[in-house]
Structure formats: C-alpha cells, structure tokens
2 protein chains.
Amino acid sequence: MTGTERRGKGVGADGDDSAFLAAYDPRGFPAIAVTVDIVALTLRGGALHVLLVERGGRPFRGTWALPGGFVRAGQESLDAAAARELAEETGLDAAHLERVHLEQLGSYGEPARDPRMPVVTVAYLAFAPDLPEARGGGDATAAAWIPVSRLALGAHQDGRTDRTPARGSTAEDRDRTAGTSGEPDAARPRPSQQGPGHGIDGGDSVPRTPDGTAPGPDAPAPLPLAFDHARIVADGLDRARAKIEYTPLATAFLGEEFTVAELRGVYESVWGSPLHAGNFHRKVLSVPGFVEPTGATAARGGARGGPRARLYRAGGAALLHPALLRPGRDAS
Amino acid sequence: MTGTERRGKGVGADGDDSAFLAAYDPRGFPAIAVTVDIVALTLRGGALHVLLVERGGRPFRGTWALPGGFVRAGQESLDAAAARELAEETGLDAAHLERVHLEQLGSYGEPARDPRMPVVTVAYLAFAPDLPEARGGGDATAAAWIPVSRLALGAHQDGRTDRTPARGSTAEDRDRTAGTSGEPDAARPRPSQQGPGHGIDGGDSVPRTPDGTAPGPDAPAPLPLAFDHARIVADGLDRARAKIEYTPLATAFLGEEFTVAELRGVYESVWGSPLHAGNFHRKVLSVPGFVEPTGATAARGGARGGPRARLYRAGGAALLHPALLRPGRDAS
DNA sequence: CTAATAGTGTCTTTGAGACAATATGGA
DNA sequence: TCCATATTGTCTCAAAGACACTATTAG
C-alpha cells in the first residue's frame, strides 16, 4: 500500500488516473513528519568516532544528537536527503562525499519519540575516512566527531547487552529476529590472556576496556544522546560490526591506499578486539577481490620499527567470500 | 535529528520544555504520508507465496499490491502498525499472529513513488506458517496468497540480476553495499547434474525453473505489482534468503512440530535450489539450539514410502552457529 | 516386492586459528 | 643494538560437501 485506503478525496470521476490525480487533495492523511538521521562513523587515532551535533533548540537543547533533518517532501529521495544532510553537516563537497559509504539503517517511529509531534526518522549509516573537523551546520550549536566510547548507549558501553543484534537486518533488535552474530558482547569472553608475547596490544592499537572501544582510564561521564538516538547509534554500531564481516566496507574507513596493518586496525577498532596479525594478513590477501596491491610500499615502517609494509587498494569484490568472521563465537 | 531545525514555531519563551511544547505548532513541517507495507511470505504446497491485495482504488486500480496502510500518527509504533495491518489483512487473531515473525525490512521514499503525493513507506517482512485463506480487508477488492513465481519482479524471476542483495541490511540494494551473499542468482551455476539417483527432485520438492522458484510450464503472464512494490518484494525475498542462513527463522514457516525433511523443504523453496538430504540432516542437528526433538515421530513416512521421520520443534537459539550457508557461492 | 525416504558413516578438501620463523628498519 | 613489525610457513581442528550404506514403509 502506498496509500489509497480510508482517506482518498475526490474519488468521484471514474475517468483515467490523471484526472483523478488532478482532483486529489493530498491533505487528507495523518500528520507525521519524516526526517533522516545519520550515524556517521569514522576512525580517528585508532578509535571509532560518531558525528554528533549539539542541539541548539528545544527539546534537548544542549544535548548531543545525530545530524539530520527533514526530508524535502516530493523533492528528494530518502537516500538523497541523507546524503544532503551529511554533506551539510560535514561541509564535505561532492568529491569527498563519493568516498563515503552511505546505506539505510532502519526507521524509528515510536509514537512519543519526539515530544512535540509524531516523527518518523529514517536512519542512515555512513562509513567515512578520516574527515576534516565538522562544522556546525543548520541551527546546531556545534558539530563534532565524538568517540563512541564516550557515549551512554545503554546498559553497557555499546548498549548491547540485552538485545539481539543483527547480521544486517534492520528492525532486528525489536523482535526475535537476530541477524548475524552479535550475542551480548559482554557475555562473550574476551581472550584476556592469549599466550605470552603476542601482538595483542601492539601497533596502532587502541586503549581498550573489557568492552572494546576504549574509554581510557580518565573517561569522563558518558554522554547521553537526545531522543532515541542512543538506540539508533547502538543499532548502527551493530550493523557496522556485522557489515565488515561480509563486505569490504572496512576499506571505506581508510584512504585510497592502505596497508594490511591499517586495515586490521579498522577491524580491531570496530570490533573492539585484537586480531592475530599473521592470520589476518594471510586471510585478507586470500579473499578474492578484497584488496589488490598497488605495487608501492609505505614510506616508513611501523611506529616502533619494522619493514615497510606493502600498499593495497580496495578490490572489486562487493562481498567477501569466505567472510571474515568475528572471533569468539564459539558457544560450546 | 528528530526535527528542530529550520521550522520550529513558538521558540520564544526560554522557559522549560513543557512550556515550549505547549506552544509548539506541529503544522510547520513538510507534508509526507507514512505508511507500512507488509511482505508476508508463507509456504503453500512447497512453493513460496506472498500476501497481496487487489487494489480497489486509484491509482493502480485492479493491480495487485502489498497489504498495508497508514500509520496512525502518534498512536502506534511502526512495528505495531505493521502488526495491525497484517492482522487486518489476514484475519488472524492475536494467538495466530504470535507465531508469525515480523521484522522491519526498509523504507522507501522516492519522490514520485506514489503519483498522488509524497509517501514514505516502511516495509516489513513477515514469515508465516501456512495460514487460512486471506480475506480482503480495508477497501481492497481481494486478498490472496500469490506464488512469488508468478510475479514480475524485475529482469528475472526474482528480480535480482543486476542488484547486489543483502545479508540483511536495509538499503543495501541502493548503493555499493551488498549484504551477505547474493551475487546474481543467474550468474551462479546451479548443480544441474549431481550424480545419478539423488534426491534432487524427490519428495515434497517443487517444480523449478533454472531460476529457482517454480513457474511451471503453463506459467501465465507474470503479475505486475503496483507502485514500487515489485522492488520491495524483491528486497524482501533477498532478505528472507539471507536471513534463514544465520537464524532459525526457517522454522517460522512451519507448524509447532516438524520433520527435518519439512525444514529442508523450507530452505529449498526459499533458496530455490535442492539440498543434499543427508548432509542437511546432519547439519541441522549439529547446530546447537536450532531444533530439539519432541520424542514423537511423524504419523507416516514420506509420500512414496520410507521410515517415519522424527519430529522436532524450534530450539532456543537466536542465531545459527555455524550458519547454513547457501550452496553455489564458490567463485573460482 | 519395489522404490523412495530417514538417518548415519566415511572421506576429502577448505578454511580458521595457534604458533613458529625470518627479515627489516625505527628509536 | 634492541625490539616491534611485516610477511610467510607449518600444523591442527572444525566444518562443508560428495557419496555410500542401512533400515523402513507407502503403494
């Protein structure tokens, strides 16, 4: 149904559709506002960040919220609206925006999610390479990339301790669905001691809590989000974690050229757990179409020494076969 | 954003939010109608069917469309609206509805998808056991379960020859995303000859085209769908195919108790390809929490003989580990 | 009685993961 | 020099898939 039932006006003449449409009065349907909200993720200094804006208006004035805005009725598609809002908020031009992955995340329409009126928001998820500092667009006081570790997303760090995440579906957190993988992260024992002397915390890794994403010991108070945006961000993170398992989208967080170690850093940051460098390396190169060598090598070795790594660019594959499954899934 | 920007009214008094909300005029936002549409799938006689209604009003009068309707602004959530519409259209009571799996599929908002006005629809996907015949609710002329093989969904049978399907994401067909798996089905060679004398076409299997879902040799003209509903159904099928890989949701198509062969029938019908009976059997029983034995056995053996199969019910797992991956994914 | 079906066993191949080993270059 | 890092090699185990085999029962 796209809407015909119980509300049509001017359904008198039985001629052709054009006559009907001309006589149609579009003001007979229930009043719901439609917005798009963007969960834009990027990596900064090895930590996952979300783009947030500080609200300048009521309600939730002064609270951080997802960037977004109204869909221009009849003028743009949902996808276009999301791209427009993202561009406005980040100040990105079309060229930069091309390198950003944007996909629909899901829609949220609890009756009272906005105290002012019924609002349905279509959430989008974006993966971006390290972008210039955000500028506050619209009437937001400020816009900034905030580490996800600083957000209050639910019971735990990432707000996923009672919900069943998703291999990619949309509304999966709301029913018995469950997507891919994603048992409660907290319930999954992290390999705390993994044999002596292994690159568990080496390299450009991130300070991590037992939960994953790094709030550092001096962690300030967790940031609450406006509306139901904490939930949306949590869903976005779930989706992102699942998505990089089966798609090469982890490369969307990096520049045109990257090393295998940098790619591994993306996975470690998004999943919040260290990966075995050697196995990861072999695995990435073995998946057809994931990455392809540029022939060049990095200008210098690792931070604390080591050979210069080879450079790669994203390959042509749209899906990873076989997939890079997250570790720690063994029930037993 | 849930909506504050560029449109707030009565933002004068700087008091508390309640005063602001009281003065707020909700009629300042763009006019978009919000509907829910349901892609309800079920198995009848071993073939996948979708619930459709014949439109009684313009436009597309007389054309088949997805069941759905307007969201009651401010009164119900999107999920609730979807459940309500599904109940109305199928005539199902709450008890029956409990056995139906319902999840959000994605939102569709092309500016001109409805010629009358801007309409955003939030599509839902439902998996149902074989239900009684549908009754035409609302102002639809008729409602019926239609074999998906009869639908005109795109280039091919299932309309998936140029799009990149999804392991579960929502808007994945619209960008470079790609979800799980789902290369063009047509491009994936089907094991046409698989050794002599194997249950390839035996049992309760379905007549199949090279594409999968069974249009029979006497196939009538493919049924066009109203609006962009062909696309939505195609997305729903993609999602369903991906979903049963990683979740036990295939059991949602069956009754309380079922045999392994019946479960295999679900996979074969949804995926459109035959599965090896022996391997499937062992696999299903080996995945923890997928099914659990009831202790009973079926009243009689297979259609053409054979031992009485044991009965199972759905287990407690929300996710399948390891997953039941679709066959035929080997690039090479 | 015949043929199809339920359920199990075996074997091969692939892939994941644990470790080991070697070479390289930063501090 | 010292040591972390890049990259490759080896070994083991789990799982998928191809087949074979046995028992059972509808027609």
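Just so it is clear: chains get the letters A, B, ... in the order the sequence lines come, proteins before strands, and each one is counted from 1.
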B:Y267 and B:F280: aromatic ring centres closer than 6.0 Å?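 Ring-ring flag for B:Y267/B:F280: true, centres closer than 6.0 Å.
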Nearest to the A:A277 side chain among D:dA16, D:dT7, D:dG9, which nucleotide is it?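 The answer is D:dT7.
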Sub-3.5 Å donor-acceptor pair from the side chain of A:W271 to the main-chain atoms of A:R241, do we have one?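 Yes, because the side chain of A:W271 sits within donor-acceptor range (under 3.5 Å) of the backbone of A:R241.
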Under 3.5 Å: donor-acceptor pair, side chain of A:T251, backbone of A:A314: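 No, because the side chain of A:T251 does not come within donor-acceptor range (under 3.5 Å) of the backbone of A:A314.
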What do the steps show when you test A:L41 against A:F253 for side chain to side chain contact (heavy atoms under 4.5 Å, CB included), and what is the final call? CA-CA 8 Å; A:L41 302 178; A:F253 287 106; 3.9 Å; yes
[X] has an atom [atom1]; how far is it from atom [atom2] of [N], in whole Å?
X      : N      : atom1 : atom2 : value
A:L285 : D:dA6  : CG    : C1'   : 11 Å
A:L325 : C:dT14 : CG    : P     : 19 Å
A:F280 : C:dG15 : CZ    : P     : 17 Å
B:L263 : C:dG7  : CG    : C1'   : 15 Å
A:E262 : D:dT5  : CD    : P     : 14 Å
A:R326 : C:dG15 : CZ    : P     : 21 Å
B:L275 : C:dA6  : CG    : C1'   : 16 Å
B:N279 : C:dT5  : CG    : P     : 17 Å

Is there a donor and acceptor pair closer than 3.5 Å between the side chain of B:R310 and the base of C:dG7?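 Flag unset: no donor-acceptor pair detected.
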Side-chain H-bond candidate by donor/acceptor type, B:H101 with B:E103, under 3.5 Å: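 Their side chains do contain a donor-acceptor pair, which is all the 3.5 Å distance test asks for.
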N/O contacts under 3.5 Å, protein versus nucleotides 24-27 of chain D?
residue: D:dT24; atom: O2; partner: B:P307; partner atom: N; Å: 3.4
residue: D:dT25; atom: OP1; partner: B:R308; partner atom: NH2; Å: 3.4
residue: D:dT25; atom: O4'; partner: B:G306; partner atom: O; Å: 2.8
residue: D:dT25; atom: O2; partner: B:G306; partner atom: N; Å: 3.2
residue: D:dA26; atom: O4'; partner: B:G305; partner atom: N; Å: 3.2
residue: D:dA26; atom: O3'; partner: B:R300; partner atom: NH2; Å: 3.1
residue: D:dA26; atom: O3'; partner: B:A303; partner atom: O; Å: 3.4

Please identify which of these residues, B:V291, B:L311, B:T297, B:L254, meets the side-chain contact (heavy atoms from CB on, under 4.5 Å) condition with B:T259.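 For B:T259, the side-chain contact (heavy atoms from CB on, under 4.5 Å) check succeeds only for B:L311.
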Quick one: side-chain hydrogen bond (donor to acceptor under 3.5 Å, both in side chains) partners of B:E292, sequence neighbours excluded?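 Checked B:E292 against side-chain hydrogen bond (donor to acceptor under 3.5 Å, both in side chains); matches are B:R313.
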I want to check one thing: is the phosphate of D:dG17, taken as OP1 and OP2, less than 4.0 Å away from some side-chain N or O of B:R282?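 Looking at the OP1 and OP2 atoms of D:dG17, neither is under 4.0 Å from any side-chain N or O of B:R282.
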DNA chain C: 5'-proximal contact among B:H281 and A:S286 (nearest heavy atom):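 It is B:H281 whose nearest nucleotide is closer to the 5' end.
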